[in-house]
Visitor: 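Sending over a structure as C-alpha cells; questions will come in a sec.
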Protein chains: 2
Amino acid sequence: MTTAKGNAPEAPEGYDKHAFEPFAVTVDLAVFTVRAAVLQVLLIERGQEPYAGRWALPGGFVLPDESAETAARRELAEETGLSDVTGLHLEQLRTYSEPDRDPRMRVVSVAYAALLPDAPEPHGGGDAARAQWLPYDRLGPLAFDHDRILADAHERVGAKLEYTCLATAFCPPEFTLGELQQVYETVWGTVLDRPNFRRKVLATPGFVELIPGAARLTGGRGKPAALYRAGAAAALHPPLLRPSREGRPI
Amino acid sequence: MTTAKGNAPEAPEGYDKHAFEPFAVTVDLAVFTVRAAVLQVLLIERGQEPYAGRWALPGGFVLPDESAETAARRELAEETGLSDVTGLHLEQLRTYSEPDRDPRMRVVSVAYAALLPDAPEPHGGGDAARAQWLPYDRLGPLAFDHDRILADAHERVGAKLEYTCLATAFCPPEFTLGELQQVYETVWGTVLDRPNFRRKVLATPGFVELIPGAARLTGGRGKPAALYRAGAAAALHPPLLRPSREGRPI
DNA sequence: CCTCTTTATAGTCCGAGTGACTATTAAGGA
DNA sequence: TCCTTAATAGTCACTCGGACTATAAAGAGG
C-alpha cells in the first residue's frame, strides 16, 4: 500500500496541450442479497461529516496499483467479512463524476453492483464503521449521491434478471425453483405464476440443472421440491420479461 | 468546486485512513455513424509516442469543474466540428482503469459511445491531429486498450438496438423505413426480412411516426418510400431481437 | 409505349412462446 | 382421517415472429 505522494504529477509529454488536474478515484458498492423475500442492501453508517449518521454505500479509494475492479473486490471482502469473494457476482455499473458530488474534494467514483447468495452478518469492516443489511425499501436518504447509485444498481440488476442467468447469483449452490422464483419476485416487486415460471426456466437450456439424486428439501409443509444448481448458460433466450411495464427506462 | 490546481490535494478529514493517490481522469469516445451501409468510427491518428502513427479513439482530460459527461460532450463537439451536439446520443459505456493501460502515467478513462445521424467530415480537432471516419471492420490494432473499448461500444450499441429506439439516432430527422432497417443490418451485420421489420416497427407505438403529407422521397429507382420521424418512445416492447445468436454475451 | 427491374407495401400461414387456468401429487398439521 | 400447503403436470387460447407470396409504383432501356 503506497502513501500519498506529496506532489502532483506533472503532465507528461503528449498531455501538455490539456489542462491537467488530479482526481481522487474511488469505488462504491451496491451489494444486494435476498433474505426472507426481502431485498437487502449492505450499508455503512457514516461516523463523521459530511453526512454523519447517514447510511452510505461501502467503498473506498482505488489504490495506485489496483484496477477499479480489483479495488471493488477488495472492498467487498473487507466489508462483508467473507474470506472468499472470488465466486461472487461483481459488475461495473457506471461512473459518477459530478464535480460537487463530494463536498470535500473532487472524487470520481466507479460504482459496482454485487450479488450475494445469502446474507452473512457483516464484519465491522476495515473502517470500524457500522455495516448492516437494510431492506431496499424503507431506506431514508443516503449520503452523497448514493440514492441515485443504488437506484441505478437496482434497475440494472432487475433488467439483467430478464435476459441473463444472474438470478442464480442470489441463490445458494443448491436451490429449489421456488427459491429462484422468489428472487425474481423480490427484485422485481412482482408476483409470478408458478407453473409458467417453472416451464420457462426448465425450457431454457443451461439455466438450471436438476440434481439427479432424490435430493430434496423441505422448508416446512407441502410437497418437497427438487433441488437444482446453476447451469452453464449465461444468457436467456428468449428473455424472461417482467410483467407489463409500458414505459421501461432505457 | 474544488481548487488545488497544481499541487496534490491532501487527503482531507474522513479520508485519512486510506492511502490516497491522485489519478488522471479522461474520457474516450467511440463515435459511430452509418454511411453507405457501412458502420464508421471516428478515429484520430496519434502523432507522438506512445503508439505514434496508430489510430486512437478521440478523447481528453476531464477538466476540474466538469463532469465526465460534460467533458465527453465537449470533446465530441471539438472532434466532430459540429456546432450543436446537444441532440446527439451520448451514453456512458464503462470505465477502464487497468494500472498499465497508459504507459506514461496512471489514467482512468470513462468511455462513452456516441451516435451520429450522418457523417460530416471531421474537423481537425483541438489537437490538430488527423481525425477521420474509418469503417469499423478493417481496423488495424488501435492505440492503448482502445480495441477493447471499441468492441465493448459496438456490443453495447448492438444490444441497445434490440430493446430501445436508439436506431433513430443514426438517422436524419426524416427517414424511410428502409434507411432504418439499413441501420439495424449494418450495426448487427445481418440481413433482415423487410416486411417483417416493417410490421414490427410500425406495431411498436411511439417508435416512428409517419409524416402525414404526401411527403415522399426517392433514392433512385423503385417505388418512393414514406417518410417517418422518430417517435416519443424510448424502449421497445417487446424487443426486436437479433436473429439467432445462441450464446450472447452478457 | 411497353417491358423489365427495383423498391415499397400488403397480406398469408404456421409454429414457438407465454399468460391464464385447472388438476394432481406429496408432504405436515389439526 | 381430513385439511392445508406447496410442488408439479397439463390444457387452452392468443400473440408474436419467421418465412413467404403478391401487389403497387417508380426508373431504365428498348
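Residue numbering restarts at 1 for every chain, and letters A, B, ... go by the order of the sequence lines.
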Visitor: Is Glu179(A) salt-bridged to Arg229(A), cutoff N-O under 4.0 Å?
Guide: no
Visitor: Return the 5'-most residue of the pair Asp193(B), Pro239(A) with respect to DNA chain C, ranking by each residue's nearest nucleotide.
Guide: Asp193(B)
Visitor: From OH of Tyr163(B) over to P of dC16(D), roughly how many Å is that when rounded to an integer?
Guide: 22 Å
Visitor: Considering every strand and a 4.0 Å limit on heavy-atom distances, what is the contact class for Pro238(B): base, sugar-phosphate, or nothing?
Guide: sugar-phosphate
Visitor: Taking N and O atoms by type only, does the side chain of Arg199(B) place a donor or acceptor under 3.5 Å from a partner on the base of dG18(D)?
Guide: yes
Visitor: Taking the nucleotide of DNA chain D with the closest heavy atom to each, which residue, Pro195(B) or Lys200(B), is nearer the 5' end?
Guide: Lys200(B)
Visitor: Remember a base hit wins even if backbone is also touched, and classify Arg198(A) as base, sugar-phosphate or nothing at under 4.0 Å, heavy atoms.
Guide: sugar-phosphate
Visitor: Please report the distance, rounded to the nearest Å, between CG in Leu192(A) and C1' in dG19(C).
Guide: 12 Å
Visitor: Where the side chain of His146(B) meets the backbone of Ala56(B), is there a donor-acceptor pair that is under 3.5 Å apart?
Guide: no
Visitor: For Arg194(B) and dG18(D), give me the distance from atom CZ to atom P, rounded to whole Å.
Guide: 16 Å
Visitor: Can you tell me the distance, in whole Å, between the CG atom of Leu202(B) and the C1' atom of dA10(C)?
Guide: 11 Å
Visitor: If I take atom CG in residue Leu241(A) and atom P in nucleotide dT15(D), what distance separates them, rounded to the nearest angstrom?
Guide: 17 Å
Visitor: Do Phe197(B) and Tyr184(B) have ring centres separated by under 6.0 Å?
Guide: yes
Visitor: Take the protein atom CG of Leu227(A) and the nucleotide atom P of dT8(D), then report the distance between them rounded to whole Å.
Guide: 9 Å
Visitor: Grab the NZ-C1' distance between Lys223(A) and dT4(D) for me, whole Å please.
Guide: 16 Å
Visitor: Round to the nearest Å and state the distance from Asn196(A) atom CG to dC14(D) atom C1'.
Guide: 13 Å
Visitor: Does the cation-pi check pass for Arg94(A) over Tyr96(A), that is, NZ or CZ under 6.0 Å from the six-membered ring centre and within 45° of its axis?
Guide: yes
